[in-house]
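Worksheet: the structure to be examined is printed underneath.
Just so we're clear, the structure is a prediction, and the values are computed from it rather than from any experiment.
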Amino acid sequence: MADRRIAKGEVRPDLRKAQEAIAILPKSGRVTLLTRRLFNSLLQLAQEDGERTMYRRRLSEVLYHASFDSNNTEIVKEQLRRMASIQVEWSSTSGEGERRWGVSNLLADAEIIEEKGAVWIEWSYSEKVRVKLLDPEIYARISLQAYSQMRSSASAALYEICARYVTNPSNLTMRAPWEWWRPRLTGNPEDTVEATEYKFFKRDVLKPSMTEVNRLADISVEMIEHKNGRRVSEIQFRVTKVSQSHLHLPDPNLVNTEIIKRLVEEIGLTQEEAARIYSDHEEPFLVATISLVNERGKDRSLPDLKSPAAFFKNAIRGRYATAKKPVPRVHHRPSTPVVASSSELDIGPSAETTAALAAFDALDDAQRGRVLEEF
């Protein structure tokens, strides 16, 4: 089968995405923007081919429809591994009042095949999932033109959920506890999500996602907060249709190969490590963390940075780049202990605490031992 490419100036066709594949709750493994884009590309091509037990397309065609302009097959393999292993669950209600709950993997299996100078990808879905995906009774119409512009996994997830309600007479999504929304937007399984307050979820996930959806998508979303006393307990969204005239833009490449190159050359990661970490995190966060490591390496007030790669991994886990003062500094311990006020305790770790942890992580074992002994 020849590649079906989108001609210059041509608008990408919409995708009919079954409600069972929307607002998925990941039970194992993280659902990232890369995962969502590749899954939608495979689904779009499967819907073109119709009912089959196994689907087969040139890998270049699948990647093209996902706006993936890179020859880094390690990233592709990593995403296929995820889709074949990530368990997701959903619930749905039919027009006749029938309620269903289900659990499955995004893909049943996937294989990359090289033959006669061409590279192919074969994939399949479990039987029940395939029926729902190919000819869904209840679905959201996803504008792939808008989807291809989004750079955040949370934005893509919010767009998919809200697009399902654009034809609802009330123009309102379901009303659910904000904790319900968190794993579905972040793509992180519930058991891996660190405890956080609503105000941080709103600041770091909800607001940026709404801004991107309203700027790029064919819908407009407005959040409605429902309070229990002074505390926000539930949220929902008002969804309205808007013009698509501003969407006819060139598709940005899904993978920024320059970032992967920097992870290898500046940080010292292997190609496999760089691909895995790139697949797991948003680009702005990675760029900020790379800059943090470079600044730390130039700081002569601190011990030499022996392993930028180790420090980088610690910075990723501790999210040092999100601190107000990301570059670790050494502070002298005051003779009189300082006790935080109750208001300070409500806002999570301070920038100083985060910086102190970063400085500690940068020390070797002997230096850490001395610091702990002094403490």
Side-chain angles (χ1 to χ4, degrees), residues 26 29-36 78 82 150-158 178-179 181-212 256 259-260 262-264 266-269 273-299 302 305 307-331 340 344-363 368:
R30 187 181 179 208
V31 181
T32 67
L33 179 63
L34 285 161
T35 313
R36 297 181 192 278
E78 177 63 24
R82 291 180 184 216
M150 295 182 183
R151 309 301 293 174
S152 161
S153 178
S155 301
L158 179 64
W178 69 267
E179 294 90 349
W181 291 88
R182 183 173 58 189
R184 288 165 174 82
L185 294 187
T186 64
N188 291 321
E190 285 183 307
D191 57 0
T192 66
V193 176
E194 297 181 2
T196 187
E197 297 180 41
Y198 170 70
K199 61 182 177 182
F200 297 122
F201 175 59
K202 179 180 179 179
R203 179 195 67 190
D204 299 335
V205 178
L206 292 175
K207 283 189 172 181
S209 300
M210 288 188 292
T211 298
E212 188 164 52
N256 189 329
I259 294 179
I260 297 175
R262 292 185 66 187
L263 289 174
V264 174
E266 297 178 28
I267 304 301
L269 301 180
E273 287 176 321
R276 184 175 65 254
I277 289 176
Y278 181 89
S279 297
D280 266 341
H281 300 89
E282 305 289 351
E283 288 182 6
F285 175 65
L286 288 177
V287 171
T289 305
I290 292 172
S291 297
L292 183 149
V293 175
N294 288 336
E295 290 182 40
R296 168 61 185 84
K298 297 174 183 176
D299 194 336
L302 295 173
L305 189 59
S307 176
F311 180 71
F312 176 83
K313 292 173 185 177
N314 285 331
I316 288 289
R317 285 192 295 270
R319 300 194 68 83
Y320 300 158
T322 61
K324 292 180 181 177
K325 299 177 183 178
V327 181
R329 300 290 180 187
V330 175
H331 299 283
E344 289 175 323
L345 294 175
D346 290 337
I347 62 173
S350 67
E352 286 76 12
T353 300
T354 303
L357 288 171
F360 182 78
D361 284 334
L363 302 176
R368 290 184 186 182

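Looking at Phe311 and Leu292, their side chains come closer than 4.5 Å, going by heavy atoms from C-beta outward. Side-chain atoms of Asn188 and Pro183, non-hydrogen and from C-beta on, never get closer than 4.5 Å to each other. Two residues are said to be in side-chain contact when any heavy atoms from C-beta on lie closer than 4.5 Å; Arg319 and Phe285 meet this criterion. A 4.5 Å side-chain heavy-atom check between Thr289 and Tyr320 finds every atom pair outside the cut-off. Contact annotation: the side chain of Val205 never approaches that of Arg182 to less than 4.5 Å [non-hydrogen atoms, C-beta and beyond].
Counting all heavy atoms, side chain and backbone alike, Val31 lies closest to Ser153 at O-OG, 3.4 Å. For the residue pair Arg36 and Ala156, the shortest heavy atom distance occurs at CD-CB, 4.1 Å. Of all non-hydrogen atoms in Ser209 and Ala154, the two that sit nearest each other are OG-CB, 3.2 Å. For Pro208 against Ser155, the heavy-atom pair with the smallest separation is O-OG, 4.2 Å. Counting all heavy atoms, side chain and backbone alike, Val287 lies closest to Arg262 at CG1-NH1, 4.3 Å.
Atom NZ of Lys298 is separated from atom CG of Leu305 by 12.5 Å, given to the nearest 0.5 angstrom. To the nearest 0.5 Å, atoms CZ (Arg296) and CZ (Phe312) are separated by 15.5 Å. Note that the CE atom of Met210 and the CG atom of Leu158 stand 7.5 Å from one another [nearest 0.5 Å]. We find the CD1-CG distance between Ile290 and Leu263 to be 4.0 Å, quoted to the nearest 0.5 Å. Once rounded to the nearest 0.5 Å, the distance linking CG of Leu269 with NZ of Lys313 reads 6.0 Å. We find the CZ-CG distance between Phe201 and Leu206 to be 4.0 Å, quoted to the nearest 0.5 Å.
Annotation: salt bridge (charged side-chain N to carboxylate O under 4.0 Å, His left out) contacts of Lys207 (sequence neighbours excluded): none. Applying the salt bridge (charged side-chain N to carboxylate O under 4.0 Å, His left out) rule to Glu78 yields the partners Arg81, Arg82; only residues at least two apart in sequence or on another chain are considered.
When atom types are taken as modelled, the side chain of Glu266 and the backbone of Asn294 share no donor-acceptor pair closer than 3.5 angstrom.
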